[in-house]
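Quick note: numbers below take in every heavy atom, side chains included, and nothing from hydrogens, waters or symmetry partners.
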Amino acid sequence: MNLSMKRFKADLWTILREPVMFLFMLVPLLVMIVFKILLPIAQKWLLIKVGFDLLPYNIYFLTIIFIFAPSILGTVSGFMMLDEKDCHITELMLVTPSGLSGYIGGRIVSFIILSSIYVIAGYYIQNIMSLSPYVLAVIILLAAIESSIISLLIFSLANDKVQGLTYAKGLGILMIPVFVDLLEIRILDIIAYISPFYWVYKMIMSPSIILFFISLVVHIIWLIVPLRMCIRKIYS
């Protein structure tokens, strides 16, 4: 635990010194603030002008807040891993007693902590839906895994930060299934089950133990695949 906190502080210091990474870190918070300010205004305006009530769609706004943070934080983590590989820091870490598992675990643990903080902050800042502590805890867990998935995918697929940013934009397609329920097309609902982000929405919409285990299995599968790719890249 002490080692993890030291790594967390070191990563935080690195981010604060890098303007681009620091900006990425601020984006989820800025999105939360924009939603907090503009959403009530938009709801009132639409209700008065066209009689359209946005309140039933609050679940989608809250889901976006929950999944956007781990996506951005995973991107930052992936960038840092690319930098460390270019600077041969990864090779040095592999010969330490902690080895490969220690390096990967240490790299993503900081962003697991940050993802958890952002999810909690987003929930209380938005304050647009009431969730049970159990559901919030599950979403924090899923967000932490999603941050790790994005981080490992970007590191595994990209050769540099420019490519990493391109892949980060492409991976944004995984968020689209969150909205498929609006179309009421059954086949799209089934396809959406593949996306890990979709299960955050499902846990908010209709939480249950069964859904929790299904969402956990989906997330673990998504985590294993880039993890294996990451290991191959490190040793290549």
Side-chain angles (χ1 to χ4, degrees), residues 8-9 11-16 18-47 52-80 108-151 154 165 168-169 171-179 181-182 195-205 207 215 219:
F8 175 70
K9 291 177 181 177
D11 287 344
L12 203 56
W13 178 244
T14 300
I15 291 168
L16 291 174
E18 286 276 350
V20 175
M21 290 189 183
F22 181 61
L23 180 61
F24 266 78
M25 289 292 296
L26 287 180
V27 168
L29 184 59
L30 293 175
V31 170
M32 293 178 196
I33 294 172
V34 169
F35 268 55
K36 182 66 175 179
I37 295 172
L38 296 185
L39 188 55
I41 298 173
Q43 287 176 334
K44 183 179 291 186
W45 186 86
L46 286 172
L47 191 60
F52 182 76
D53 190 2
L54 271 179
L55 287 178
Y57 301 93
N58 277 348
I59 185 172
Y60 297 101
F61 298 124
L62 188 60
T63 302
I64 287 298
I65 291 296
F66 284 155
I67 67 178
F68 186 70
S71 176
I72 293 294
L73 295 175
T75 300
V76 175
S77 177
F79 284 177
M80 294 179 72
I108 64 179
V109 69
S110 300
F111 294 89
I112 288 175
I113 294 172
L114 287 170
S115 291
S116 302
I117 293 172
Y118 272 116
V119 167
I120 295 170
Y123 174 66
Y124 287 106
I125 288 174
Q126 298 309 308
N127 193 30
I128 55 178
M129 289 186 66
S130 179
L131 302 177
S132 71
Y134 153 71
V135 173
L136 187 59
V138 169
I139 291 170
I140 290 171
L141 173 62
L142 298 182
I145 299 175
E146 287 161 8
S147 174
S148 304
I149 291 169
I150 297 298
S151 173
I154 288 176
L165 187 57
K169 294 176 181 177
L171 290 171
I173 196 172
L174 294 174
M175 297 185 185
I176 294 177
V178 169
F179 304 100
D181 283 3
L182 293 171
S195 170
F197 294 112
Y198 177 74
W199 293 97
V200 173
Y201 162 77
K202 290 296 287 184
M203 283 303 303
I204 300 173
M205 178 62 119
S215 65
H219 278 72

Heavy-atom pair of closest approach, residues [X] and [Y]:
X	Y	result
I150	S71	CG2-O, 3.6 Å
V135	P207	CG2-CB, 3.5 Å
A168	I154	CB-CD1, 3.9 Å
M129	Y123	O-CE1, 3.3 Å
L174	P177	O-CD, 3.2 Å

Nearest-0.5 Å distance, [atom1] of residue [X] to [atom2] of residue [Y]:
X	Y	atom1	atom2	answer
I149	L142	CD1	CG	9.0 Å
F35	I65	CZ	CD1	5.0 Å
I204	I139	CD1	CD1	4.0 Å
M203	Y198	CE	OH	13.0 Å
I117	I140	CD1	CD1	10.0 Å
W45	F52	CH2	CZ	12.0 Å

request  = Quick one: list whatever passes side chain to side chain contact (heavy atoms under 4.5 Å, CB included) with I125, sequence neighbours left out.
outcome  =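 I125: side chain to side chain contact (heavy atoms under 4.5 Å, CB included) contacts with L29, M32, K36, A121.
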ask   = Can you list the residues that meet the side chain to side chain contact (heavy atoms under 4.5 Å, CB included) rule with S115, with sequence neighbours excluded?
value =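 Checked S115 against side chain to side chain contact (heavy atoms under 4.5 Å, CB included); matches are P70, L73, S147.
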Any side-chain heavy atom of [X] within less than 4.5 Å of one from [Y]?
X	Y	answer
K202	S215	no
Q43	N58	yes
V34	V31	no
L131	L62	yes
V200	V178	no
I112	S148	yes

ask   = Should we count CG of L55 as having more than 12 external heavy atoms under 6.0 Å?
value =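 Counting other residues, nucleotides and ligands, CG of L55 exceeds 12 neighbours.
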query = Within the distance-only criterion (no hydrogens, no angle test), does the side chain of Y118 pair as donor or acceptor with the backbone N or O of M25 below 3.5 angstrom?
reply =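 A pair under 3.5 Å: yes.
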query = With respect to Y201, which candidate in Y60, F66, Y57 satisfies the ring pair (Phe, Tyr, Trp, His ring centres under 6.0 Å) definition?
reply =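 Single pass found, and it is Y60.
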request  = Using side-chain hydrogen bond (donor to acceptor under 3.5 Å, both in side chains) as the criterion, list what pairs up with Q126, not counting sequence neighbours.
outcome  =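 None.
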